[in-house]
Number of protein chains: 4
Amino acid sequence: MTERSAQKQFKPRKAPSQSRAEETVASIVEAAAQVLESEGLEGFNTNAVARRAGVSIGSLYQYFPGKDALTVALIQRETKRFYDDMAVALTKRGGKAALEYLIGAAVRQQLQRPMLAKLLDIEESRPGLRGEVGKPELENLFATVIQRAIPKHPHPEVAAGDLFAITRGMVDAAGERGETDIENLEHRLRAAVFGYLSKIGKDQAISDRR
Amino acid sequence: MTERSAQKQFKPRKAPSQSRAEETVASIVEAAAQVLESEGLEGFNTNAVARRAGVSIGSLYQYFPGKDALTVALIQRETKRFYDDMAVALTKRGGKAALEYLIGAAVRQQLQRPMLAKLLDIEESRPGLRGEVGKPELENLFATVIQRAIPKHPHPEVAAGDLFAITRGMVDAAGERGETDIENLEHRLRAAVFGYLSKIGKDQAISDRR
Amino acid sequence: MTERSAQKQFKPRKAPSQSRAEETVASIVEAAAQVLESEGLEGFNTNAVARRAGVSIGSLYQYFPGKDALTVALIQRETKRFYDDMAVALTKRGGKAALEYLIGAAVRQQLQRPMLAKLLDIEESRPGLRGEVGKPELENLFATVIQRAIPKHPHPEVAAGDLFAITRGMVDAAGERGETDIENLEHRLRAAVFGYLSKIGKDQAISDRR
Amino acid sequence: MTERSAQKQFKPRKAPSQSRAEETVASIVEAAAQVLESEGLEGFNTNAVARRAGVSIGSLYQYFPGKDALTVALIQRETKRFYDDMAVALTKRGGKAALEYLIGAAVRQQLQRPMLAKLLDIEESRPGLRGEVGKPELENLFATVIQRAIPKHPHPEVAAGDLFAITRGMVDAAGERGETDIENLEHRLRAAVFGYLSKIGKDQAISDRR
DNA sequence: CATGAATGAGCGTTCATTCAT
DNA sequence: AATGAATGAACGCTCATTCAT
């Protein structure tokens with residue numbers, strides 16, 4: 001049986017109507033982030049999260065139908081930051097400036113909580129969590145940014161995916177190595193991103209001509 | 001040292017003296033690869049590996065002192081393929097040809113077993129497994145390749161790390177998306193690698209001149 | 001310290017805050033005693049204890065961080081009885097009466113649960129459990145009793161240790177043989193204890209005079 | 001099911017007719033002693049014994065039908081030493097001299113291999129091993145020694161049991177404490193033994209007259 | 001006979017989840 | 001609602017024992 005029939009929900013159990021409940025939910029999600037950051041995947045369990053949040057395990061299950069729902073909520077919280085960054089980026093004048101802004105944002109976030117981003121990347125790719133997080137929308141938005149930066153790019157959504165992957169790869173590796181020099185990492189990341197775009201632009205143009 | 005001193009060993013427990021044993025060891029490692037590929041990290045447990053290998057759980061523990069040792073053995077088996085590829089790459093005439101060969105090799109391997117590579121990347125970075133796998137040596141060797149490709153590059157080892165990260169990022173993402181078009185992926189990866197190198201070369205040169 | 005630093009705790013995991021929990025803890029310890037008594041060391045495993053206590057294995061581990069902690073708890077429960085007996089003994093007028101009271105108490109306890117005492121003696125001496133039980137304090141208190149009984153005894157703490165050993169030896173052997181005649185055993189034990197003291201007193205005095 | 005129906009044998013599987021086999025058996029038993037002494041009950045397993053003996057686990061099972069049989073063999077080997085000591089003791093002129101000789105022998109043996117004696121005592125009392133070792137005969141012989149020392153003693157076999165228990169208790173405790181002063185231990189043991197006998201003799205005589 | 005690879009029942013322990021209070 | 005005691009499936013691992021070579 002690879003497919004469980006009684007599909008667990010990933011949505012929070014209730015739309016918290018009272019602000020108290022909202023606070024509780026937020027504190028649980030933040031606790032999840034802290035546990036993940038400080039204890040790693042190994043120490044990421046519901047009891048630890050509840051303890052860190054200062055609520056009972058029962059309360060945690062009042063708001064989240066299961067561990068995965070909590071994970072999804074955390075992923076979405078972190079994803080939202082990218083959304084926000086993206087929104088800011090889209091206010092920038094030039095496309096290049098927008099991209100540079102995003103690179104800076106990614107680096108800053110990563111170096112703040114090095115483990116968190118990486119572990120969420122891992123969780124994100126768990127089969128069964130796939131599709132529960134709004135990655136596609138994010139990439140679409142990112143594709144828009146790219147289209148502005150390189151208007152004639154033939155496949156902006158592919159480029160968006162690649163640049164995501166490149167950024168994630170470099171930034172996670174930096175976190176793992178314990179890099180702290182933001183300037184330097186940002187510099188290299190710019191090289192990777194704009195280097196990729198410059199090459200892809202030309203080549204793809206050529207390959208399309210075929 | 002805050003780690004526990006009486007660490008479990010990661011080395012295989014015994015050098016199998018009978019040929020039957022060698023087969024058993026190999027079949028266990030291969031079973032580990034298959035379980036990881038098909039069931040993911042969640043289903044990667046020693047009982048499942050033993051079952052898939054067609055041996056008893058006791059046999060598994062006769063050759064591996066613990067689950068982590070098995071993981072390390074699998075990582076090393078996969079790492080060896082890179083070593084071999086690297087060795088071939090170093091026979092290539094030009095540095096660029098060497099790099100291109102490696103890119104091709106990475107893509108081919110990845111698309112054969114998409115999950116495996118990614119999950120091993122994850123495991124590799126588990127605290128407690130760190131340092132048990134000869135990543136540094138691999139990167140040093142890779143730095144040599146880069147030095148040949150871009151002789152005047154100021155920090156080949158940094159570039160090696162970044163290119164590793166870029167490749168891993170793109171190739172894992174491709175696996176996750178279920179990409180199967182080797183040509184296309186290879187093409188984009190070349191763009192990323194050579195794009196990065198072209199930009200980094202110049203910028204760093206400039207920044208060094210300061 | 002050659003012992004592993006990240007030692008399992010032997011202290012109960014949590015102070016049970018609800019009265020239901022207190023009962024559970026007590027029932028687990030009592031179940032441990034029963035299992036040890038009826039199944040011996042061989043059958044003394046956490047699952048059997050949980051089953052006998054009528055609780056799940058999870059509950060057992062909620063209160064005891066490991067099997068050893070449970071063993072220690074049981075040892076301490078039994079040790080406390082000696083403490084209490086000792087306290088009563090110290091209220092007796094004469095030292096000899098105190099000693100006789102203790103002998104009687106030891107015999108009575110032993111013949112109630114013959115195996116338990118013996119098996120706990122064994123566990124008590126397991127390296128790794130050593131020092132987790134307050135044996136020294138017990139012997140100190142006992143030394144006080146002896147000092148009252150034989151004021152001029154030169155090494156009361158040595159005598160205390162010897163009398164402990166003698167009592168334990170005789171009483172365990174009696175349990176093993178299935179003796180049930182309390183009177184008779186008590187009689188022989190008195191002979192051993194007072195016989196030892198009478199001889200030791202004189203000899204040691206002489207050897208000290210040297 | 002407390003009684004296993006297919007009763008394991010405790011006798012060595014075959015009377016070793018060739019001297020090579022005899023040596024193998026002896027080396028296995030000695031290895032068992034060494035493992036028990038150095039690793040404790042926890043480390044006492046058949047594989048460890050075979051390894052220490054320098055034979056294969058298969059060979060061990062060729063000569064001993066099971067672990068318990070090995071344990072019994074070791075117990076009997078150690079018991080034989082007492083037999084021999086007893087035989088020597090019986091050549092002594094006076095009964096008191098015989099007893100003193102035995103006390104000395106017990107102390108010397110114990111302090112040579114402190115753990116061994118204690119752990120064997122423990123194993124000896126395992127239900128299922130009971131009666132497989134010739135304890136009664138040993139105590140009968142010992143009773144003879146006592147009868148010589150205290151001719152008018154009313155219950156020499158009871159006294160024999162008690163003195164065994166006393167000696168074992170004191171000597172094991174000494175081993176546990178790491179005592180090394182043979183003289184001192186022997187002195188206290190003599191006090192215990194002769195103290196017990198002096199008191200028991202009189203009291204029992206009186207109680208018998210009733 | 002000797003070897004040692006192989007077996008698998010069984011143990012200690014964890015942790016997601018439920019539910020009586 | 002909130003609590004936290006209770007549950008139990010499932011995992012990592014050991015070791016007595018067997019059996020093909």
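Chain letters run A, B, ... following the sequence lines, proteins first, then strands; residues in each count from 1.
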Inset, instruction - Tell me, please, which residues at least two apart from E37(C) pass salt bridge (Lys or Arg N to Asp or Glu O under 4.0 Å). - result: none
Look at the side-chain N and O atoms of [X] and state whether any lies under 4.0 Å from the OP1 or OP2 oxygen of [N].
X	N	result
S56(A)	dA2(F)	no
Q62(A)	dA1(F)	no
T46(B)	dG12(F)	yes

Inset, instruction - With DNA chain F as reference, determine whether G43(D) or I57(C) sits nearer its 5' end, using the nearest nucleotide of each. - result: I57(C)
Legend entry - Nearest-nucleotide 5' precedence on DNA chain F, S59(C) against N45(B): S59(C)
Polar pairs (N or O, both sides) under 3.5 Å between protein and nucleotides 19-21 of chain F?
none

Inset, instruction - Please collect all salt bridge (Lys or Arg N to Asp or Glu O under 4.0 Å) contacts where either partner lies in residues 24-33 of chain D, sequence neighbours excluded, each pair once. - result: E30(D)-R77(D), E30(D)-R113(D)
Inset, instruction - For N47(B), answer base if it contacts any base atom (sugar-phosphate contacts may also be present), sugar-phosphate if it contacts only those atoms, and nothing otherwise; contact means non-hydrogen atoms under 4.0 Å. - result: base
Whole-Å distance between [N] [atom2] and [X] [atom1]?
X	N	atom1	atom2	value
F10(B)	dG12(F)	CZ	C1'	14 Å
F44(C)	dG10(E)	CZ	P	19 Å
E22(C)	dG4(F)	CD	P	15 Å
L60(B)	dC15(F)	CG	C1'	15 Å
D68(B)	dC11(F)	CG	C1'	14 Å
L41(D)	dA16(F)	CG	C1'	16 Å
E42(B)	dC15(E)	CD	P	14 Å
K67(B)	dT14(E)	NZ	P	15 Å

To the nearest 0.5 Å, what is the distance between [atom1] ([X]) and [atom2] ([Y])?
X	Y	atom1	atom2	value
L74(B)	L36(B)	CG	CG	6.5 Å
I28(C)	Y61(C)	CD1	OH	11.0 Å
R51(B)	I57(B)	CZ	CD1	9.5 Å
L120(B)	E123(B)	CG	CD	7.5 Å

Inset, instruction - State whether a side-chain donor-acceptor pair under 3.5 Å links S27(B) with R52(B). - result: no
Tell me which donor-acceptor pairs under 3.5 Å the side chains of residues 39-48 of chain A have, and how far apart each pair is, sequence neighbours excluded?
from	atom 1	to	atom 2	distance (Å)
E42(A)	OE2	R126(B)	NE	2.7
N45(A)	OD1	N47(A)	N	3.2
N45(A)	OD1	A48(A)	N	2.8

Legend entry - Test side-chain contact (heavy atoms from CB on, under 4.5 Å) applied to Q76(B) - qualifying residues, sequence neighbours left out: V72(B)
Inset, instruction - State the dot-bracket string of DNA chain F. Criteria: Watson-Crick or G-U wobble, both atom distances under 3.5 angstrom; notation: ( ) intrastrand, [ ] crossing earlier pairs, | interstrand, . unpaired. - result: .||||||||||||||||||||
